[in-house]
Each structure stands twice: as structure tokens, then as C-alpha cells.
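A note on names: the letters A, B, ... follow the listed sequences, proteins ahead of strands, and every chain is numbered from 1. Note that the coordinates shown come from a computational prediction; the quantities given were computed from them, not determined experimentally.
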Amino acid sequence: GDSVTQMEGPVTLSEEAFLTINCTYTATGYPSLFWYVQYPGEGLQLLLKATKADDKGSNKGFEATYRKETTSFHLEKGSVQVSDSAVYFCALSDYDSWGKLQFGAGTQVVVTP
Amino acid sequence: DAGITQSPRYKITETGRQVTLMCHQTWSHSYMFWYRQDLGHGLRLIYYSAAADITDKGEVPDGYVVSRSKTENFPLTLESATRSQTSVYFCASRGDSTNEKLFFGSGTQLSVL
């Protein structure tokens with residue numbers, strides 16, 4: 001079945017550092033890929049998405065490129081802020097799956113001043 | 001207020017008791033989902049629904065029951081709670097277009113003693 005693998009956390013960074021969170025996936029079809037973010041005490045929010053190979057999703061300074069050849073969707077941000085401290089989830093959705101999302105385990109990011 | 005709301009926010013119960021978690025959305029979204037969030041597992045799908053009176057099992061449905069008599073409500077019932085069902089439960093909904101994002105509620109933190 002479909003699956004998503006993310007790097008384990010927590011990832012601890014200083015403010016203005018470069019952030020990368022690795023995400024790889026296994027899917028039988030042509031999935032859409034997503035990054036969701038969860039701030040403390042809240043539900044998940046969509047951060048960005050990509051629906052086909054070579055698409056780049058971007059939002060709030062975060063970027064991720066859909067790489068079909070390496071089955072990856074790594075999340076990057078050039079200069080993190082304390083407010084970026086959160087748990088980040090990589091997820092995929094197959095076309096015929098009614099929009100059901102298969103999530104990775106999540107990566108906690110802690111940004112210190 | 002518009003949005004997706006879950007209740008209660010926190011719940012403590014005892015093993016063997018029946019518990020119902022409520023989810024209500026105001027967008028008239030067709031699709032609704034229940035996920036549970038556990039450390040190391042990310043979010044796992046319990047049940048989902050494509051419309052009123054149409055529901056199906058997700059990855060971890062055992063011990064749970066759902067109903068969807070009205071489009072806006074999607075309650076989740078634990079028929080006889082077990083300690084392994086201690087978790088944070090998230091309800092989500094989305095519209096009909098392909099690759100539409102999911103909107104998540106704020107979650108219900110359930111403890112089964």
C-alpha cells in the first residue's frame with residue numbers, strides 16, 4: 001500500500017538557519033503530495049501541495065518539489081523564524097482515494113532565538 | 001461561526017464505556033474524515049464519508065463506529081473504550097474538487113483510564 005516516510009525529529013535550529021525535512025513516498029499510482037503543519041494545540045493546516053511531477057509548491061517561504069524519479073517531496077525554508085516551530089507532516093493522496101491522506105509520522109521542528 | 005468544530009476538546013473516560021466524539025462543519029462539504037494521532041504514527045485514518053449515509057473504513061477502524069445522517073455532522077463512537085484508544089482525534093472535511101485541501105478541526109484529546 002501507499003506509505004510516506006519522513007525524517008525523525010525533533011529538529012532543533014537557530015533562527016535564520018536553513019531547514020530541510022526529508023520526505024519520501026511509495027505509491028502505486030500518481031499521487032498528489034502535501035505538507036501540513038500543526039502548531040501547538042491546533043489542528044493541521046495545509047502548508048503547500050504539488051499535484052504532478054516537477055511541480056513546486058510554495059507558501060510562507062517554504063518550498064517543496066515533487067520528484068518522481070526519487071519519489072521525494074523534501075520541504076525547505078531558507079531562513080526559519082521562531083514562529084516556524086511546529087510539527088510538519090508530509091502526506092500523499094491517490095487520485096481515486098476520495099482525498100484520503102496517507103500521512104508520515106511527522107517531524108517536530110524547534111527554532112530557538 | 002463558519003468552520004469545522006469538534007467537541008469535547010478534552011475527555012477522560014474509563015475502559016468499557018461508550019464515548020461519542022462530535023464533529024460539525026458549516027461548509028456543506030461532502031467528504032469528512034476521522035483521524036487519530038499517536039506519537040510515532042502520525043495521523044491514521046479511522047473512517048471516512050463521501051456524503052450523508054455513505055461511510056467506509058479507513059486504516060484503523062476496529063472498535064469505532066460512525067454515522068452520517070446529516071451532511072454537516074460526522075460523529076465518531078467508541079462502543080467500548082479501551083486504553084489503546086487513548087489518543088488525539090481529528091475530524092477533517094473537504095469539498096468536491098479533486099485535490100482540494102482538507103480542513104481540520106482542533107482535535108479531541110481522549111484519555112481512557
Where on [X] is there a heavy atom nearer than 4.5 Å to chain A: the side chain, the backbone, both, or neither?
X	result
B/Q6	neither
B/F103	neither
B/Q37	side chain
B/L45	side chain
B/R44	neither

If I compare all heavy atoms of [X] with all of [Y], which pair ends up nearest, and what's the gap?
X	Y	result
A/D2	A/A27	OD1-CA, 3.3 Å
B/H29	B/R94	CB-O, 3.1 Å
A/Y36	B/F104	CE2-CE1, 3.7 Å

Checklist entry - For the rings on A/F62 and A/Y88, is their centre-to-centre separation under 6.0 Å? => result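 So the answer is yes for these two rings.
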
Item to check | B/W34 and B/Y64 aromatic centres sub-6.0 Å | outcome: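 No, ring centres 6.0 Å or more apart.
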
Checklist entry - Considering residues, nucleotides and ligands other than B/L39, do more than 12 of their heavy atoms fall under 6.0 Å from its CG? => result no

Item to check | Contact class of A/Q6 relative to chain B, heavy atoms under 4.5 angstrom | outcome: neither

Item to check | Contact origin within A/E8 toward chain B - heavy atom pairs under 4.5 Å | outcome: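 Contact with chain B: none, neither part.
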
Next on the checklist: Any carboxylate oxygen within less than 4.0 angstrom of a Lys/Arg side-chain nitrogen, looking at B/R68 and B/D53?
Outcome noted: no

Checklist entry - Are A/D54 and A/K52 close enough for a salt bridge, meaning some N to O gap below 4.0 Å? => result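 The answer is no: the pair does not qualify as a salt bridge.
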
Next on the checklist: Out of A/G1, A/G41, A/G43, return the one with the most heavy atom pairs under 4.5 angstrom to chain B.
Outcome noted: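 Between A/G1, A/G41, A/G43, the count favours A/G43.
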
Checklist entry - Does the pair A/L75 and A/L48 meet the rule for a side-chain contact (heavy atoms from CB on, under 4.5 Å), with working shown? => result CA-CA 9 Å; A/L75 182 69; A/L48 54 84; 3.8 Å; yes

Next on the checklist: Using a 4.5 Å heavy-atom cutoff, which residues in residues 104-113 of chain A come close to chain B?
Outcome noted: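 At a heavy-atom separation under 4.5 Å, chain B is reached by A/G104, A/A105.
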
